[in-house]
There are 2 protein chains.
Amino acid sequence: MEQTSVSTARSPTRTAEILDVLRTDILETRLQPGTRLRFDELRRSYDAGISPLREALMHLASEGLVVSEERRGYRVAPVSEDDLREIAKLRGEFDALAIAESIRRGDELWEGRVIAAFHALQKRSKIGPDGEIDREWEGHHIRFHDALVSECGMPKLMGFRTILDLQARRYRRIAVHYLTAPRDDLAEHRAIRDAVLDRDITESGRLIRAHFMRTVDIILTRQLG
Amino acid sequence: MEQTSVSTARSPTRTAEILDVLRTDILETRLQPGTRLRFDELRRSYDAGISPLREALMHLASEGLVVSEERRGYRVAPVSEDDLREIAKLRGEFDALAIAESIRRGDELWEGRVIAAFHALQKRSKIGPDGEIDREWEGHHIRFHDALVSECGMPKLMGFRTILDLQARRYRRIAVHYLTAPRDDLAEHRAIRDAVLDRDITESGRLIRAHFMRTVDIILTRQLG
DNA sequence: AAGTCAATTATTTTGGAAAATATATCCGGA
DNA sequence: TCCGGATATATTTTCCAAAATAATTGACTT
């Protein structure tokens with residue numbers, strides 16, 4: 001499906017490889033928030049030269065997953081309540097905006113994609129047999145939300161959105177147990193789909209904002225209360 | 001005013017220096033949109049090693065001022081009507097959002113800063129004696145808009161906003177002559193100030209969106225019509 | 001003890017050469 | 001002429017060692 005291109009199986013650059021594995025390690029919190037990332041150590045652990053490491057770290061900094069101080073190296077970005085709250089707020093606002101544009105510009109084909117993505121999501125249950133969030137479900141979930149915004153025609157906004165998605169993923173991992181809290185995801189998603197198909201910008205914005213905020217509220221109230 | 005720190009006059013890293021001069025060259029369009037940026041040439045023109053050049057380019061890529069293709073090097077980001085339109089749209093939306101939050105959270109001190117910034121802006125005229133946009137005015141203009149959003153408490157949003165500001169600055173340079181077109185900036189800014197001081201979120205959002213959109217409309221209709 | 005300064009060690013930053021890859025040129029065959 | 005592929009050239013990517021800077025230690029003074 002993706003690309004099994006017969007001819008040129010383009011080898012990624014070392015930088016791209018390292019970027020990927022480093023990002024995963026941060027998102028899965030194998031590298032804890034705040035950890036210093038020294039080149040010497042990284043060189044050993046990831047078996048890489050300094051240049052691609054530097055470049056990968058720099059890229060991660062632009063995604064907000066690491067922070068750097070001039071001449072003092074890099075650290076895994078810290079986490080905080082306020083940070084999580086802002087991420088959720090902005091995800092709501094950005095998606096509300098992108099959905100509004102998609103409603104204005106999207107045709108029946110787009111509607112079809114939304115319907116199909118919801119259908120696929122609906123068929124799977126969120127929690128797998130092991131009690132963890134189901135990997136497949138997670139994929140469908142992402143694709144449903146992507147479908148909603150897919151006709152907004154704002155590539156820069158989509159770039160910002162991707163960055164926030166990444167950052168949110170890390171918190172999701174940190175708070176994974178709270179995320180299995182009882183919550184009627186399916187009803188929320190169906191309501192969003194219906195508002196979108198009704199081409200109701202105000203309502204879909206309200207729902208998508210609430211959708212993102214609910215997640216963070218659940219995490220934070222559980223962790224504090 | 002800035003920092004004339006007596007003790008440690010921290011020398012910036014070579015990367016930071018190069019980043020600065022490269023960014024300026026792009027913003028002032030001494031490096032035209034689309035231009036390929038080869039390391040050999042850059043090495044000569046900017047008298048720098050490859051490592052800091054690479055890092056600077058990477059950073060500029062994260063700001064959207066250059067684009068890179070794996071193993072094919074970097075180019076100055078191209079410009080387009082759609083690109084400009086999206087920048088203007090997002091600047092309107094982001095600032096509307098940030099102003100809304102500032103209105104909710106800001107105190108009298110914030111109001112004072114807004115009033116002061118408007119006052120300073122008002123005293124200067126936009127077009128200098130040479131017929132170009134006045135440098136001083138431009139500084140006050142930026143500070144007025146910064147004051148409006150300064151209490152939003154959303155650092156990530158401010159980061160995104162900074163990136164869009166940079167990108168917009170390049171278009172402003174490209175279209176500099178059209179920007180001196182007759183337009184009652186002062187009245188627009190006063191209206192925004194008043195809506196903010198009335199703590200009217202809806203109205204301030206409407207005005208700030210229109211403010212950004214008007215600029216792009218002027219540029220585009222002139223260039224096409 | 002607390003503070004200063006120098007010496008030592010740890011770490012980041014930089015330049016450039018080597019390796020890997022992409023692009024351009026050239027040549028022969030349909 | 002146009003295509004395919006081989007060769008040559010141009011360019012990016014990577015490694016690594018040297019330089020620059022920051023952090024730590026310890027001796028000395030008050």
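Chain A is the first sequence line, chain B the second, and so forth, proteins listed ahead of strands; every chain is numbered from 1.
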**OP:** Would you please name every residue forming a side-chain contact (heavy atoms from CB on, under 4.5 Å) with A:M158, sequence neighbours left out?
**Re:** A:A98, A:V149, A:C152, A:R161

Original post:
Is the backbone N or O of A:L157 less than 3.5 Å from a side-chain atom of B:E86, with the two atoms forming a donor-acceptor pair by type?
Top reply: yes

Original post:
Going 5' to 3' along nucleotides 12-17 of chain D, which nucleotides have protein heavy atoms under 4.0 Å from the base (write B), which only from the sugar-phosphate (write S), and which from neither (write -)?
Top reply: SBBBB-

Original post:
Could B:E17 and B:R14 be called an ion pair, given the rule that one side-chain N must be under 4.0 Å from one carboxylate O?
Top reply: yes

Subject >> Partner of B:D134 under salt bridge (Lys or Arg N to Asp or Glu O under 4.0 Å), chosen from B:R124, B:K123, B:K126 >> reply: B:R124

Original post:
Please give, in whole Å, the distance from C:dT11 P to A:L53 CG?
Top reply: 15 Å

Original post:
How long is the line joining OH of B:Y46 and P of C:dG15, in whole Å?
Top reply: 16 Å

Review item, side-chain donor-acceptor pairs of residues 114-121 of chain A, under 3.5 Å, at least two apart:
none

